[in-house]
Amino acid sequence: MNSSFAELLSVGLLVLVLGCAVVRPWGWPEAVVAVPAAGVLVATGAIAPAHARAEAAQLGPVIGFLAAVLVLAQLCDDEGLFQACGAWMARSAAGRPRRLLVQVFGLASVITAVLSLDATIVLLTPVVFATAARLGARPKPHVYACTHLSNTASLLLPVSNLTNLLAFAASGLGFVRFAGLMALPWLVAIGVEYVVLRRFFAADLDAGARAEPVGEAPELPLFALLTVGGTLAGFVLASALGVDPAWAALLGALVLAVRALVRRRSTPVAIVRSAALPFLAFVLALGIVVRAVVDNGLATALTHLVPGGTALPALLGIAVLAAVLANVINNLPAVLVLLPLTAPAGPGAVLAVLLGVNIGPNLTYAGSLATLLWRRIVREHESEVDLGEFTRLGLLVVPAALLLSVVALWVSLHLLGG
Amino acid sequence: MTVIVWIAEGTWPACVDAARRHAPAGSGIVLLHVSGPGAPGAAHGAYAGLLGRARPARDPGPRVASLAAAAAAELLAAAAERLGRPCGTVERVGRVEREVVAAAEGAELLVLARDGDRGHLGPRGLGPAGRFVVDHAPCPVLLVRPEPVSGQ
């Protein structure tokens, strides 16, 4: 096949796949367009079958890992973990919105890190809103904290974000080493978010809240907590033994699934649905389409743009490039494009990509210019978010968090060794 | 005479108390709450960012919006109870400051609380929403000081 035609075809199909993922024509799952697109690229020879197989072999376990974590998070919700967190926050923050903000920061950071950003966005955000409302506090600072931290706090563990899982697979790092190198950048990025949000929403936090204690003491879902703790320990143990930590996630999900089924709190169908199977097919297909684009010339074109080495300016350049790309085409394709280009330079460069794609999405509404444009055009909701406010907050947070967390990564690499 | 009382989280008790004191007997008091689009919009936007995982049933945006409606109803009920006089309640959704100004059209008095920085002297004592309402209200305005906060 003519190489320029192959490049044109693969870029065209990538645009189509991303466009359909954003617009979701007729409510189709994203996989409906992505899987045939990957099929066309393999059938026409635009991507070598061996490369497609290699991509699928690399992505398969990664998305299986994510599916297990998604199921784990949903089952924790079924066990009442998030409700209990809300009740606990409402009791101990009564009358003090600033204290509530600290608690939301702590909780959202831990939940994002351990149960992935999906859990924070889908499961924690409504609980946080309800908690703020129950206290009579203005909910906006707390909801914004949740949505921002779902990105920023997803730096710590490989399971925190699909982008991390992809980078984890490409970096050759172990679970513990990954967490060790990302701990300092994670803390720094969260710290920047906290300082900026607290000042940005000072008036809302000053408004106060009801002081009287609300509700009964919450019952702690101990079983769910212990299972999550055990799963985390399993990640560390599996990493030490050289076993894929995905098995620990699967085991944790199975333990909670069996309990939920025995107690009739969930159904097999609900559990399988929470694994988001069409999404897994979408990621696999997207990976193959992006690989075709990279193979057919994008790699050569972008190589000049991607700084080499892992000196501080190079790490900063990589992170900024990743953040820009995440804001233009969304963080998932951005990381798929940048990983093959940065992996040869070592784990430091790969982690710098992660800083960019995980912190960057807070710059624009929904983390992607494409999504933003679409939402401006479609306007499916009557009341739109105040884009000016959202963007001002993003501009205050993202550059500072990105710069300081890259410096923190550079320090970590020097202290722990790249 | 119609008196509009802007009920906002945290500062509303002072407004209700002021209305009780200053609204002439026989005047119609309307308690107004406006839900801004910020929180549901941010939740919806974050969900839209989960490329590939978006199923409308799981979008937290509409859930937050319905929670907001329930919270507003609860807040208005609490305010009506504190007022202890017959009153009407109005719930609006939209850009807060603009909705308040629009709702005050035709009223004789609008009661609102300072919504800015209460820790320092200076112009920031009125937040952007309060400043807009004070500047553009189509009727006389009664601006009250919320209850003192800790540290003041």
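Everything quoted here is computed from the prediction, not taken from an experiment. Hydrogens, waters and symmetry mates play no part in the numbers below; they use all other heavy atoms, side chains included. In what follows, every chain begins at residue 1, and chains take the letters A, B, ... in the order their sequences are listed.
- Residue contact with chain B, scored on non-hydrogen atoms closer than 4.5 Å, involves the backbone and the side chain of A:Pro126 alike.
- For chain A, the nearby part of B:Arg63 is the side chain; its heavy atoms alone come within less than 4.5 Å.
- For B:Ala68, the parts lying under 4.5 angstrom from a heavy atom of chain A are both the backbone and the side chain.
- By the 4.5 Å heavy-atom criterion applied to side chains, B:Pro146 and A:Asp206 are not counted as neighbours.
- Checked by atom type, the side-chain pair B:Thr11/A:Arg138 shows a donor-acceptor distance below 3.5 Å.
- Contact of A:Ala202 with chain B is not made at all, since no heavy-atom distance falls under 4.5 Å.
- Within 6.0 Å of CZ on B:Arg92 lie more than 12 heavy atoms contributed by other residues, nucleotides or ligands.
- Each of A:Leu332, A:Asp118, A:Leu162, A:Asn330 was compared with B:Leu50 under the side-chain contact (heavy atoms from CB on, under 4.5 Å) criterion, and only A:Asp118 meets it.
- Per-residue counts of heavy-atom pairs under 4.5 Å with chain B were compared for A:Pro97, A:Pro29, A:Gly136; the largest is that of A:Gly136.
- When all heavy atoms of A:Phe129 and B:Ala39 are compared, the closest pair comes out as CE1-CB, 3.8 Å.
- A:Val143 and B:Ala42 make their closest contact through CG1-CB, 4.3 Å (heavy atoms, listed as atom of the first residue, atom of the second, distance).
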Original post:
What's the verdict on side chain to side chain contact (heavy atoms under 4.5 Å, CB included) for A:Arg273 and B:Arg58, showing C-alpha distance, side-chain angles and the deciding distance?
Top reply: CA-CA 11 Å; A:Arg273 279 177 72 91; B:Arg58 287 173 66 78; over 6 Å; no

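- Residues A:Lys140 and B:Glu9 fail the side-chain proximity criterion, which asks for heavy atoms closer than 4.5 Å.
- Using a 4.5 Å cut-off on side-chain heavy atoms (C-beta onward), B:Leu51 and A:Phe282 make contact.
- Counting non-hydrogen atoms of other residues, nucleotides and ligands closer than 6.0 Å to CZ of A:Arg98 gives a total above 12.
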